[in-house]
Amino acid sequence: MKELILASNNAHKVEEIKSILSDYNILTLKDINFTDEIIEDGLTFEENALIKARTISKYSGKTAIADDSGLSVELLEGRPGVYSARYSKEQTDAKNIEKVLSELDGKKSKAKFVSVIALVKPDGTELTFRGECHGEIISEQRGNNGFGYDPIFYVPSLEKTFAELSSDEKNSISHRKESLEKFSKFLKEENNEN
């Protein structure tokens, strides 16, 4: 089993990534005693994912991966985007949702969740893998599962919000699943070459 260091302590993200990359031993920042704050000042999901993965690869001397993800709402010109987790002053899921709904003012909008996985190796190799899940933002919150914007992100083909899906259902269609599948495919091809 190969080991990867995930540049995150976000319990939801760690759980999701570990369940999708179950063939790997995934270590978190806690596992490697990394306690510094990583400043995510990139303008894209790719830039922020690389900032995190570079920092942890340099700190540990090992291969690191990072996920940067968020919500892009069409009627809000792509906002909250890279600011998804810190969109409101309070930076809580509830307040972030409230701000998006307030800005939409009762309108439905197409939206997508984006996830970018960055891989950084000690030899300087840097790669990114992007996944997207398309849906729409609805004005009422539905469901108790998931986190972040899941209660207002509606998937028309399933007639449910992300928060109404089980973890297995969400992991089978999510943006993170798509980016991790691309990443996993790369790892398998790389292992076959070695």
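We count residues from 1, following the sequence as given. In this text, all values refer to a predicted model and were calculated from it rather than measured experimentally. As a basis for the values below, the full set of heavy atoms in this structure was taken, side chains included, without hydrogen atoms, waters or symmetry mates.
- At least one side-chain heavy atom of K160 sits under 4.5 Å from a side-chain heavy atom of E169.
- Checking each of V114, N48, D41, V116 against V82 for a side chain to side chain contact (heavy atoms under 4.5 Å, CB included) leaves exactly one that passes, namely N48.
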Exercise. Can K52 and E47 be said to form a salt bridge (Lys or Arg N to Asp or Glu O under 4.0 Å), step by step?
Worked result: CA-CA 9 Å; K52 292 184 272 192; E47 287 174 10; over 6 Å; no

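- Counting heavy atoms from C-beta on, the side chains of V14 and L6 come closer than 4.5 Å.
- In this structure, F183 and T128 have side chains that are not in contact, with every pair of non-hydrogen atoms separated by 4.5 Å or more.
- Ring-plane geometry between F153 and F162 is classed as perpendicular, the angle between the planes exceeding 60 degrees on a 0 to 90 degree scale with a lower cut at 30.
- One finds the CD1 atom of I117 at 9.5 Å from the NE2 atom of H175 (value rounded to the nearest 0.5 Å).
- With contacts defined as side-chain heavy-atom distances shorter than 4.5 Å, the pair H134/K110 does not qualify.
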Problem set entry | Test side-chain contact (heavy atoms from CB on, under 4.5 Å) applied to I56 and I32, step by step | CA-CA 9 Å; I56 298 311; I32 62 165; 3.9 Å; yes

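- In this structure, E90 has no side-chain hydrogen bond (donor to acceptor under 3.5 Å, both in side chains) partners at least two apart in sequence or on a different chain.
- Inter-residue side-chain proximity for E74 and S109 is flagged as met; some heavy-atom pair is nearer than 4.5 Å.
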For this session: Start with the C-alpha gap between I17 and R176, add the side-chain angles, then the distance that decides, and say whether side-chain contact (heavy atoms from CB on, under 4.5 Å) holds.
Result: CA-CA 8 Å; I17 290 172; R176 196 164 287 120; 3.8 Å; yes

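- Within the 4.5 Å cutoff, the side chain of R142 has no heavy atoms near those of the P151 side chain.
- Applying side-chain hydrogen bond (donor to acceptor under 3.5 Å, both in side chains) to Y87 and the options K99, R79, E98 leaves one that passes, R79.
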Exercise. Please walk me through it: do K170 and E16 pass salt bridge (Lys or Arg N to Asp or Glu O under 4.0 Å)?
Worked result: CA-CA 10 Å; K170 180 182 170 185; E16 221 171 280; 3.5 Å; yes

Problem set entry | Pair D31-T28, side chain to side chain donor-acceptor pair (under 3.5 Å): steps then yes or no | CA-CA 5 Å; D31 296 325; T28 64; 3.2 Å; yes

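- Side chains of Y149 and S84 form a contact here, defined as non-hydrogen atoms less than 4.5 Å apart.
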For this session: Please assess D67 against K13 for the test side-chain contact (heavy atoms from CB on, under 4.5 Å), listing each intermediate value before the final yes or no.
Result: CA-CA 8 Å; D67 166 85; K13 212 178 257 194; 3.0 Å; yes

